[in-house]
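Here is the structure we will look at.
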Number of protein chains: 2
Amino acid sequence: MSVLNRKERDRQLRRSDILKAAEHLFALKGYHKTTIRDIAKESQYATGTVYLHFKNKDDLYFGLLEEKLEHLLSIIKEKTGQVKDAKEKLEIYIREDLIFFEKNQDFFQISLLEGSELYAERRIFKSLFRLQMLEYTISMLKEAQEQGVINSGFDPEKLSDVLGSIIKTVTLKWLQEKERKAESLVSLSDTILRLFLYGAANK
Amino acid sequence: MSVLNRKERDRQLRRSDILKAAEHLFALKGYHKTTIRDIAKESQYATGTVYLHFKNKDDLYFGLLEEKLEHLLSIIKEKTGQVKDAKEKLEIYIREDLIFFEKNQDFFQISLLEGSELYAERRIFKSLFRLQMLEYTISMLKEAQEQGVINSGFDPEKLSDVLGSIIKTVTLKWLQEKERKAESLVSLSDTILRLFLYGAANK
DNA sequence: TTTAATTGTGAACACTTGTTCACAAATTAG
DNA sequence: CTAATTTGTGAACAAGTGTTCACAATTAAA
């Protein structure tokens with residue numbers, strides 16, 4: 001049994017070596033420009049070994065992406081679970097997004113850039129995670145509308161897209177100018193909330 | 001001379017045949033999945049002929065993109081040229097963007113999706129057009145701040161990104177649900193302006 | 001009409017890259 | 001320690017694709 005454990009553990013280690021290399025390279029060069037050979041080399045295995053642990057390149061990339069985003073959703077759900085106030089919920093939602101992106105900035109630098117292009121046709125991503133996240137965000141916004149925090153004139157789905165794109169845009173901008181790393185990404189969450197709720201107008 | 005003209009005209013016709021096919025295919029399948037063979041076939045020429053008119057694939061794609069966006073910028077500049085009021089300017093800016101995207105929806109369906117991924121490293125796009133558009137938008141927003149229409153607390157560059165991303169998001173959403181084509185894209189410009197200026201909050 | 005120049009053609013080239021597979025190495029079982 | 005099983009290896013395969021080029025077809029010049 002201890003043998004089986006070691007075997008399994010070694011297997012997991014190898015898998016995780018490869019995942020780590022893949023994450024690093026995808027982050028560095030994006031999906032299209034990262035080859036299986038690259039990943040094998042960086043993780044110091046042979047090309048074929050990668051296929052002992054992952055079905056194919058898509059599996060590797062989308063598995064990674066989905067894993068990360070599922071994690072984000074679970075964090076958000078957990079943190080907002082007990083909160084009743086819609087505005088506070090929104091605040092937490094934005095903040096946790098930013099904290100997560102900041103923590104995983106290497107990976108998301110490219111993922112956010114590649115944006116929707118890749119996802120447009122990948123079954124997994126389209127069906128599984130995305131819908132869940134969207135569903136959660138929409139329900140949160142609807143709640144805010146019911147509580148009178150958000151104007152009911154707006155379509156919640158559209159609002160969800162807009163909020164998501166603002167977060168994405170601000171994150172990308174932050175990532176690109178991280179030389180002057182004066183401010184942390186999460187420190188921008190107030191700005192985003194304010195912009196989303198009250199707009200850019202001068203009072 | 002009339003001979004020379006016919007020659008040149010035929011040449012332009014061929015060039016435009018190819019451009020048209022390219023536009024159609026890029027719109028349909030995106031940059032990566034459109035091959036020179038595809039373009040040649042659709043425009044009913046041989047593969048090599050494409051290279052008689054365009055240096056390479058990049059040249060074709062980015063030429064097309066840049067041409068379109070330069071056109072958009074020129075329209076915006078023209079329409080806002082005589083307008084003094086910052087809010088009205090902003091209104092026109094948004095409206096003309098939407099009109100343009102609606103008019104060129106085939107092309108932008110994919111271009112917007114592919115988003116920044118491709119551009120990240122292409123010299124031309126990075127330097128030439130993008131900066132001009134950004135510059136114009138920023139100056140417009142600064143003017144709005146000076147006129148007291150927009151809160152000076154926000155960084156104009158960030159605002160420009162956010163506004164751009166809202167327009168992009170709403171456009172993409174509209175493109176994707178164009179079955180229920182009840183509303184035109186341009187009819188959404190009020191919503192965008194309102195959202196951008198006053199936010200989603202309930203008054 | 002014949003010759004020269006231009007233009008179109010698509011097969012061939014060069015390269016990339018995801019994936020497989022026969023073989024080697026290592027590990028486990030007897 | 002030997003045989004059997006599992007696992008790792010990287011060369012080879014297959015498919016795709018941007019680009020070129022020798023040749024053919026067409027057009028212009030003489």
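Residue numbers start from 1 in every chain, and the chains themselves are labelled A, B, ... in the order their sequence lines are given, proteins ahead of strands.
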Can you check the Leu60(B) CG to dT19(D) P distance for me, whole Å? 10 Å
Quick one: is Thr49(B) getting a side-chain N or O under 4.0 Å of the dT9(C) phosphate, OP1 or OP2? yes
His53(A) NE2 to dT6(D) C1', straight-line distance once rounded to whole Å: 12 Å
Rounded interatomic separation in angstrom, taking CZ from Phe54(A) and P from dT20(C): 16 Å
Check for me whether the distance between the ring centres of Tyr45(A) and His53(A) falls short of 6.0 Å. no
Can you measure Leu25(B) atom CG to dT17(D) atom P for me and round it to whole angstrom units? 13 Å
Applying side chain to side chain donor-acceptor pair (under 3.5 Å), can you list everything that pairs with Lys68(A), at least two apart in sequence or on another chain? Glu23(A), Asn104(A)
Please tabulate the protein-to-nucleotide N/O contacts below 3.5 Å involving nucleotides 14-18 of chain C, giving atom names and distances.
residue	atom	partner	partner atom	Å
dG18(C)	OP1	Lys57(A)	NZ	2.7
dG18(C)	OP2	Ile36(A)	N	3.0
dG18(C)	N7	Arg37(A)	NH1	3.0
dG18(C)	O6	Arg37(A)	NH2	2.8

Identify whether any heavy atom of Arg14(B) sits under 4.0 Å from a base atom; if not, whether one sits that close to sugar-phosphate; answer base, sugar-phosphate or nothing. sugar-phosphate
Qualifying residues under salt bridge (Lys or Arg N to Asp or Glu O under 4.0 Å), relative to Lys57(A), sequence neighbours excluded: none
To the nearest Å, how far apart are Arg9(A) CZ and dT7(D) P? 15 Å
Those residues at least two apart in sequence (or on a different chain) that pass side chain to side chain donor-acceptor pair (under 3.5 Å) with Lys87(B) are Tyr198(B)
Could you check how far CG of Asp10(B) sits from C1' of dT6(C), rounded to whole Å? 13 Å
I need the CZ-P distance between Arg15(A) and dT7(D), as an integer number of Å. 15 Å
List for me each residue that meets side chain to side chain donor-acceptor pair (under 3.5 Å) alongside Ser189(A), sequence neighbours excluded, and say none if there are none. none
Please collect all salt bridge (Lys or Arg N to Asp or Glu O under 4.0 Å) contacts where either partner lies in residues 38-48 of chain A, sequence neighbours excluded, each pair once. Lys29(A)-Asp38(A)
Rounded interatomic separation in angstrom, taking CG from Leu52(B) and P from dG10(C): 13 Å
